[in-house]
Each structure stands twice: as structure tokens, then as C-alpha cells.
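Worth saying up front: this structure is predicted, and the values here are computed from it rather than measured. These values consider heavy atoms only, across backbone and side chains, with no hydrogens, waters or symmetry-generated copies.
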Amino acid sequence: MLHITSLSDGLDIFKALGSDVRIEILNILLDNNSMSMNELASRLNITNGALTSHIKKLENCGLISISSESAGHGNQKMYSVHLDKILIDLERQEDILNVYSTELKVGHYSVYRICPTCGLASDKAIIGEVDDSRYFDHPDRYSADILWFTKGFVEYNIPNFIPGFQKITQITISAELSSEAPGVNNVWPSDISFYLNDVRIGNWISPGDFGDSRGLFTPDWWFPNWNQYGLLKLLVINQKGTFIDGLKISDVTIDRLHLDYRSSLRFRLAVDDDAKHVGGLTIFGKTFGNYGQDIKVNIHYAPM
């Protein structure tokens, strides 16, 4: 998912979408997962040369991705849709200015309780041994850029350095997430719950543990039959409730939590014991998956 916070930042995306041909390319790729240049040109009834400029515009703004596939006597380029969602925020500029931003490394959790299958890895190697939860205490876990478990939780302390005498009016958290299946399974639902200061603020059902293609940032040494990428989810808690990608998931509001410049912020991601779908959780950091980011947090504030 791409989160556009100002219209000027999304200009390239808007230009790319301002073409009937490019919209048709995206529709075809959504229906067919991936296609070659020849296949796309044939479906559109245009030449490869005419198609190239459209493909370039879509690729440059991240709407499609390109991979190589063996065919005949060589490799051919295959095109597929890269972004699963685009979320556009239209906020007043003065609101955007009153924001404290920070990022959390995947391995910088403060508390955990998890069950195998489980594990952690940095961009260079597995940390300890897989399916041994003791390694979630290993000192090297601070360098982890991916972690996974079947059931339980990890909890992060969000730094709160907003100016003094300010109250928190909104918190947004974005992270790349998926389920955790033995190996991979694109259809493996999991109920992932979110907590802030022990208050359950909502739930999202992850559709699967994705392994049909290598993650764009996933290291070359990573095993091809393990978690490859997730979905970028945007969690927002404001005065109207709690939302995922713009869809309301609970009535818990930011006002109910009574947060200000003195508040500790403990954010938990969990697969609860009593969940309907106990399908695990994978959290992807900057060097894994498709989005090249850690857990991003924005804290909006206003005078008390």
C-alpha cells in the first residue's frame, strides 16, 4: 500500500493514472497476475514500442513491478501490479506540521510471548535457530529485520517526544505484515489484533503468508519457500475511532486513551489464543518484503 500525505507527493501517480491505456494495463494485470510485454501488447492491440512508454510511467511511480522468467532460450520480463492499495490523506497543512515521526526496528520489541513456528533474521543471517522461542531474547535480535510466530505477541515502546503541554490527537502506524504458515501459503487467514497501552484497538484478518514471488527487498540468501513479502497496512487511531487503510475497525478513539506528552505508548501486535483464525504473524522490516520500511509511527498533537 502507498500512503500519500499530500497531493504534490502523489503527482507522478496521478499522472500515471491519467490514461485510459494505462488503466487498462493495470486492469489486465490484476486479472492475470503477471504478463509479458508481447502478451500485454497483443491484448491491447498496440505495438510493443507504443506499450513501452506506458510501462515505463507505471514502473517509475511504483504501480507495477518487473521480474524475469525463463522462457525458451532465454529470460523474458514479466509485469505485475506492485501496489495493492493507494491511500490519500487530504489534511490541512497546519495539522501535518504538528507531528512527531519515528520508526521502530522489527527487533526492538520490549516484551514478547510467542509460540513456534517462530524465528528472527537480520539482512545477513538467521538469528539463532528457527522454532526456538528462546532466541527472541538473543542480543542479536536488535538487528532483526523480520520476525514470525504462530501465536502470542510482540510489544514495542513507541518513543513519545512531542513538545510539552501537548495532547495526542492522532496516531498512525504503518507496517508490512502477513500471516505465518509452515513454509508459505497465500491462503492462510490470521486474526491479527492491535493493542495500545493494553487496550485492544482493533483487528485485521491477514489473508495469507505470501511466497508466490520473491520480495523486492528480501535478501538473495533467504530461502525461496519462506515468507517473501506482506501487505503494507496503515493503522490510524483518531477522534472518530480506529481504522485500517481507511476502513473503521473499532470505536476506540484517541480521546478514550487520554494520551499526552507524558504518556508511555506500548504498541502490541498479537495473534490471540481465542482468535478465530490462529494463522500467525510475520513482521517485515526495511531489508525484507516489498516496501523497504521499518514500523513507521506518526504522533499528531495539539495544545492541551
(request) Could you check Leu196, Leu235, Ile201 and say which one makes a side-chain contact (heavy atoms from CB on, under 4.5 Å) with Ile171? (result) Leu196
(request) Check whether Leu120 and Val106 end up in the same hydrophobic cluster, where Ile, Leu, Val, Met, Phe, Trp and Tyr are linked by side-chain heavy atoms less than 4.5 Å apart. (result) yes
(message) Within the 3.5 Å criterion, strictly below it, is a donor on Ser34 or Ser80 matched to an acceptor on the partner's side chain?
(response) no
(request) Kindly work out whether a path of hydrophobic side-chain contacts (I/L/V/M/F/W/Y, heavy atoms less than 4.5 Å apart) joins Val21 to Leu30. (result) yes
(message) Can you see whether Asp212 engages Asn186 through a side-chain donor-acceptor pair at a distance of less than 3.5 angstrom?
(response) yes
(message) For Phe165, I'd like to know if atom CZ has over 12 heavy atoms of other residues, nucleotides or ligands within 6.0 Å.
(response) no
(request) Establish, from distance only, whether the side-chain atoms of Ser213 and Gln228 form a donor-acceptor pair under 3.5 Å. (result) no
(message) Under the criterion ring-ring contact (aromatic ring centres under 6.0 Å, His included), I'd like the reasoning laid out for His108 against Tyr156: C-alpha separation, chi angles, the key distance, then a yes or no.
(response) CA-CA 7 Å; His108 286 200; Tyr156 298 85; 8.6 Å; no
(message) Under a 3.5 Å threshold, yes or no: a donor from one side chain and an acceptor from the other, between Asp209 and Tyr229?
(response) no
(request) State, without any angle test, whether Ser65 and Glu59 hold a side-chain donor-acceptor pair at a distance under 3.5 Å. (result) no
(message) Is the ring pair Phe194/Phe267 parallel, tilted or perpendicular, if the boundaries are 30 and 60 degrees?
(response) parallel
(message) I want to check something: taking the side chain as every heavy atom from C-beta on, are Ser178 and Trp188 in contact at a cut-off of under 4.5 Å?
(response) no
(message) Is there a path of hydrophobic side-chain contacts, each under 4.5 Å between heavy atoms, that joins Leu104 and Phe161?
(response) yes
(message) With side-chain contact (heavy atoms from CB on, under 4.5 Å) as the criterion, how do Phe243 and Asn238 come out once you've worked through the C-alpha distance, each side chain's angles and the decisive distance to 0.1 Å?
(response) CA-CA 8 Å; Phe243 303 80; Asn238 60 27; 3.4 Å; yes
(request) Please check if any side-chain donor atom of Asn48 sits under 3.5 Å from a side-chain acceptor atom of Asn38, or the reverse. (result) yes
(request) Check whether the side chains of Asp137 and Tyr112 place a donor and an acceptor atom closer than 3.5 Å, and report yes or no. (result) yes
(request) Quick one: closest heavy-atom pair of Asn227 and Thr282, and the distance? (result) ND2-OG1, 2.8 Å
(request) Would you name the heavy atoms of Arg141 and Ile127 that are closest together and state the gap between them? (result) CA-CD1, 3.9 Å
(message) When you compare the side chains of Asp145 and Ser122, does any donor N or O come within less than 3.5 Å of an acceptor on the partner?
(response) no
(message) Under a 3.5 Å threshold, yes or no: a donor from one side chain and an acceptor from the other, between Glu176 and Asn290?
(response) no
(request) Using the rule that two of Ile, Leu, Val, Met, Phe, Trp, Tyr join whenever any of their side-chain heavy atoms come within less than 4.5 Å, decide whether Tyr100 and Met304 are in one cluster. (result) yes
(message) Please determine whether the number of non-hydrogen atoms from other residues, nucleotides or ligands lying under 6.0 Å from atom NZ of Lys105 exceeds 12.
(response) yes
(message) Using every non-hydrogen atom in the two residues, find where Ser179 and Pro189 come nearest and quote the distance to one decimal.
(response) OG-C, 4.1 Å
(request) Please find out if less than 6.0 Å separates the ring center of Phe288 from that of Phe217. (result) no
(message) Under the criterion side chain to side chain donor-acceptor pair (under 3.5 Å), I'd like the reasoning laid out for Gln293 against Ser174: C-alpha separation, chi angles, the key distance, then a yes or no.
(response) CA-CA 9 Å; Gln293 69 160 67; Ser174 71; 3.1 Å; yes
(message) Is it the case that over 12 heavy atoms from other parts of the model lie below 6.0 angstrom from the CG atom of Asp20?
(response) no
(message) Heavy-atom count check: over 12 atoms from other residues, nucleotides or ligands less than 6.0 Å from Lys248 NZ?
(response) yes
(message) Quick one, Thr47 and Leu51 - any side-chain contact, counting heavy atoms below 4.5 Å?
(response) no
(request) Apply side chain to side chain donor-acceptor pair (under 3.5 Å) to the pair Gln166 and Asp260, showing each step before the final yes or no. (result) CA-CA 6 Å; Gln166 304 287 307; Asp260 61 31; over 6 Å; no
(request) Check which hydrophobic residues are tied to Val111 through side-chain heavy-atom contacts below 4.5 Å, counting indirect links as well, and list them. (result) Phe153
(request) Indicate whether any N or O donor in one side chain lies under 3.5 Å from an N or O acceptor in the other, for Thr117 and Asp131. (result) no
